[in-house]
Amino acid sequence: MDTMRERFASVVSRLLDDDPRLAVVLAEIGKDGFTDAARAHPDRVINVGIREQLLVGVGGGLALTGMRPILHTFASFLVERPFEQVKLDFGHQGVGGVLVSAAGSYDWPAGGYTHMAPGDVALLDTLDGWTVHVPGHPDEAETLLRDAVAAGDDSVYVRLSAHANSAPRDIAPGRFLTVREGRGGVVIAVGPMLDGALTAVEGLDVTVLYATTVRPFDGRTLRAAAGAGAAARAGAAARAGAAARAGAAARAGAAARAGAAGGVDVVLVEPYLAGTSTAAANDALADRPHRVLGLGIPRRELRRYGTIDEHLAGQGLDPASLRERISGFLR
């Protein structure tokens, strides 16, 4: 299986052949994937060297001329280091582009903290109007990249990762996918966290939603899942009450009404800063009782290299840790 970054280079190279409005801007990182495209389109594959602020500035300038720029480098160099340029050269100027990152939160541990960006999505949340895609498989990355390129003049961030799920899902950009249904709460697994989350909740009576687009946040699907779980719990309690004596049935009915009114538990499992989407989930459920647990990368820095799997375990995001944290939170 190819990686998300390899798929990105091959897909965008083909798109350059078809759409004269597209341009790719690089800062050394990833240039080898565009060798043939640069030969075919030397005026639309631009490598600015190790100058990340210039990378974003050139992209914003191309957007001002009517081009659709695609910018690529590691997340820490694409969002965090040139954040002022992202804010001004795209947001303030009122133009859009496609930012495609790699390395993410812990994809290349040997690169150290300079090559990790667990706060990238939270940082973009301070700006208006950004769509954020977090694929969990190369096939999903292709779907979301094509959607991002075709998104008119919108600003889109696509967060690629070396951490991937074993198989793609039939995703729709902008929507959460219901992977399984249950009555005991809702778990939202973002991008490459799905496989681990599914292992963690095996045997638990919970709904699992799969999120590959996290901004805009799909509050409608979350609300539907929360409502379905509450209805199922109330129905089960009512059926149990109907089989009991009249006094017990009355008590069961009261318990069912209390349970239905007791709200829903939601757990977010995100591959970046813990709590990044907690406010969005709270807003989606603002008119009903609920609790939200945000799991992700804590602010505490791991100062060891290791591997992706060791970082997951160190951050409490491996399946065993997720199982303990999720089951301990659910009512």
Side-chain angles (χ1 to χ4, degrees), residues 2-13 15-16 22-38 41-42 44-63 67-91 95-124 126-127 130-135 138 141-142 144-145 148-149 155-164 191-192 271-273 297 308:
D2 57 351
T3 66
M4 293 190 203
R5 290 186 72 195
E6 290 168 342
R7 186 69 64 89
F8 159 66
S10 63
V11 168
V12 172
S13 293
L15 291 173
L16 283 166
L22 293 184
V24 173
V25 189
L26 306 168
E28 285 298 312
I29 292 170
K31 66 178 182 179
D32 291 346
F34 289 93
T35 300
D36 293 339
H41 309 287
R44 292 192 287 123
V45 179
I46 304 164
N47 181 12
V48 302
I50 307 175
R51 300 175 180 88
E52 288 83 9
Q53 289 88 348
L54 180 61
L55 167 76
V56 178
V58 168
L62 289 169
M67 301 288 286
R68 182 66 169 160
I70 303 172
L71 285 58
H72 174 64
T73 186
F74 289 169
S76 55
F77 306 149
L78 185 63
V79 177
E80 292 183 336
R81 182 172 294 175
F83 179 70
E84 183 179 15
Q85 281 71 34
V86 175
K87 180 179 72 173
L88 298 178
D89 296 351
F90 282 94
V95 295
V98 183
L99 275 58
V100 182
S101 74
S105 299
Y106 42 70
D107 279 15
W108 187 34
Y113 206 55
T114 58
H115 290 68
M116 301 179 186
D120 55 344
V121 177
L123 192 56
L124 281 178
T126 66
L127 304 179
W130 280 85
T131 295
V132 178
H133 296 311
V134 188
E142 178 169 350
L144 296 169
L145 283 163
V149 170
S155 294
V156 184
Y157 179 48
V158 184
R159 193 183 204 262
L160 305 182
S161 180
H163 180 204
Y272 34 77
L273 189 66
I297 308 299
I308 289 179

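Reckoned from all heavy atoms, side chains included, excluding hydrogens, waters and symmetry mates. Here the structure is a predicted model, which means the values were calculated and not measured.
- The side chain to side chain donor-acceptor pair (under 3.5 Å) contacts involving residues 95-104 comprise Ser101-Tyr157, where partners must be two or more places apart or lie in separate chains.
- A distance below 6.0 Å separates the ring centres of Phe34 and Phe8.
- Residue-environment remark: CG (Leu88) exceeds the threshold of 12 foreign heavy atoms within 6.0 Å.
- Rounding to the nearest 0.5 angstrom, the gap separating the OG atom in Ser10 from the CG atom in Asp2 is 6.5 Å.
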Task: side chain to side chain donor-acceptor pair (under 3.5 Å) evaluation trace for Ser105 with Arg159 - done: CA-CA 10 Å; Ser105 299; Arg159 193 183 204 262; 2.9 Å; yes
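- Take Asn47 and apply the side chain to side chain donor-acceptor pair (under 3.5 Å) test, not counting sequence neighbours, and it matches Glu28.
- Thr73 pairs with exactly one of Val48, Val25, Val56, Leu55 by the side-chain contact (heavy atoms from CB on, under 4.5 Å) rule, that one being Leu55.
- Across all their heavy atoms, Val86 and Leu78 have their closest contact at CG2-O, 3.8 Å.
- You'll find the ring centres of His115 and Phe77 inside the 6.0 Å limit.
- Screening residues 76-88 for side chain to side chain donor-acceptor pair (under 3.5 Å) gives Glu52-Arg81 as the qualifying pairs, with residues at least two apart or on separate chains.
- Here the straight-line distance linking atom CG of Leu99 with atom CZ of Phe90 works out to 6.0 Å at 0.5 Å rounding.
- For Pro109, the side-chain contact (heavy atoms from CB on, under 4.5 Å) partners at least two apart in sequence or on another chain are Met116, His311.
- Here the closest non-hydrogen pair linking Leu62 and Ala23 is CD1-CB, 4.0 Å.
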Open item on the list: The test is side-chain contact (heavy atoms from CB on, under 4.5 Å); show your working for Val12 and Val24 and say whether it passes.
Closed with: CA-CA 8 Å; Val12 172; Val24 173; 3.5 Å; yes
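- In terms of heavy atoms, Tyr272 sits closest to Pro118 at CB-O, 3.2 Å.
- Every residue two or more places apart in sequence or in another chain that forms a side-chain contact (heavy atoms from CB on, under 4.5 Å) with Asp36 is listed here: Arg39.
- Of the possible donor and acceptor atoms, none in the side chain of His72 sits under 3.5 Å from a partner among the backbone N and O of Leu26.
- Between the OG1 atom of Thr131 and the NE2 atom of His133 there is a distance of 6.0 Å, given to the nearest 0.5 Å.
- For Leu22, the side-chain contact (heavy atoms from CB on, under 4.5 Å) test picks out Leu15, Leu16, Asp19, Arg44, Arg68, Ile70, Val149, with sequence neighbours left out.
- Within the model, atoms NE2 of His163 and CD1 of Ile308 stand 7.0 Å from one another, a figure rounded to the nearest 0.5 Å.
- Counting heavy atoms from C-beta on, the side chains of Leu71 and Val98 never come closer than 4.5 Å.
- No side-chain donor-acceptor contact under 3.5 Å links Asp120 to the backbone of Val79.
- At a threshold of 4.5 Å between non-hydrogen side-chain atoms, the residues Glu6 and Thr3 count as touching.
- Of all heavy-atom pairs between Gly57 and Asp89, the closest is CA-OD2, 3.3 Å.
- Minimum heavy-atom separation, Pro135 to Val158: CD-CG1, 4.3 Å.
- The two residues Gly33 and Ser13 have their closest heavy-atom pair at O-OG, 4.1 Å.
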